[in-house]
Amino acid sequence: MIGVFDSGIGGLTVVKALKRHLPDYDILYFGDTARTPYGTKSPETVIRYAIEDAEILLQKGAQMLVVACNTASSVATGTLKERFDVPILEVISPAVKMAVSDPKRTRVGVIGTRATVNSGVYEDKIKAIRPEMKVYGQPCPLLVPLVEEGWLKKGETRKIVKKYLHPLKLKQIDILILGCTHYPLLKEVIQAKIGKRVNIIDSSEALSDSVMDFLQHNPHVDSGLRKDGTCRFYVSDVTEQFQKIAKTILKTAVTLEHIKL
Ligand code: DGL
């Protein structure tokens, strides 16, 4: 089974993309809804949580791990790879691969949580491949709660998005990476505010492409994965609001199973 984890419910954007491309693969999801958000926490805390999230999925039978959370991917990937002997795919590298692929585009904006932007991981990875590229990070801490409130198209949300994107507009970016699980749900508003000529990279889509690519190139892993098309959703806290957000993201009601931490 493919184990996917996130700080909460936002990682379901990755499950949605995976289900679209790999509908038969069994998925185990863990959302750490009791301790969300991760984006405001220190790297040490996020690393500790990410280890526990991975352990939960491995105990439930996951044979590979997909870190849907940008914040956890930014600060915990190295530790997770050292610690666990299963394939681990994170969300940053696939988006970086897309960002560097068009030689005509050189100015990248990255939006994400404070922890992700402060880690500088997107910039480091992009510059390691194309040092001439310019990378501008912009933390957008208010966007996660707005998405969780379901304020996807409200005037207030548009205004806040506009304000966050303004510095990136001034930098004349031509690529914008949505470096957070929640932002794909605001893609329309973000595209409208940043302008049509900016190429938006949705990190959840990029990650699901990289999972497909990994499985094609690693048939020994692929052949061991169950393909009954089932999905189980575990969370560390169950509330009505989480059920609502899950439905908004997946466009269908799902049963959230509680795991006590
Ligand atoms: N899942 C987080 C991310 O992608 C966003 C929510 C949080 O701060 O925990 O960075």
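Both counts, for ligands and for their atoms, begin at 1 and track the order of listing.
Taking every non-hydrogen atom of Thr113 and a distance limit under 4.0 Å, the qualifying atoms of ligand 1 come out as 5 (C), 8 (O), 10 (O). Heavy-atom contacts of Thr36 reach the following atoms of ligand 1: 9 (O) (cutoff under 4.0 Å).
At a threshold of 4.0 Å, the pair Arg226-Asp26 counts as salt-bridged, since one of the basic side-chain nitrogens sits closer than that to a carboxylate oxygen. By the 4.0 Å N-to-carboxylate-O rule, Glu188 lies too far from Lys193 to be salt-bridged with it. Looking at Lys127 and Glu132, no side-chain N of the basic residue comes within less than 4.0 Å of a carboxylate O on the acidic one, giving no salt bridge.
For Cys180, the closest heavy-atom approach to ligand 1 falls below 4.0 Å.
Inspection of the Asp228 and Thr230 side chains reveals no N or O donor paired with an N or O acceptor under 3.5 Å. Remark: the Asp53 side chain and the Tyr38 side chain contain an N/O donor-acceptor pair separated by less than 3.5 Å. In the model, Thr181 has no side-chain atom that pairs as donor or acceptor with a side-chain atom of Thr13 under 3.5 Å.
For atom 6 (C) of ligand 1, the closest heavy atom belonging to the protein is Ser7 OG, 3.6 Å. Here the protein heavy atom with the shortest distance to atom 8 (O) of ligand 1 is Gly39 N, 2.8 Å. Looking only at heavy atoms of the protein, atom 10 (O) of ligand 1 is closest to Thr71 OG1, 2.6 Å.
At a heavy-atom cutoff of 4.0 Å, ligand 1 is contacted by the side chain of Asp6 but not by its backbone. Under 4.0 Å from ligand 1, heavy atoms of Thr181 appear from its side chain as well as its backbone.
Residues Val91 and Ile9 share a hydrophobic cluster, clusters being chains of Ile/Leu/Val/Met/Phe/Trp/Tyr side chains in contact below 4.5 Å.
Looking at Tyr38 next to ligand 1, an N or O pair under 3.5 Å apart turns up.
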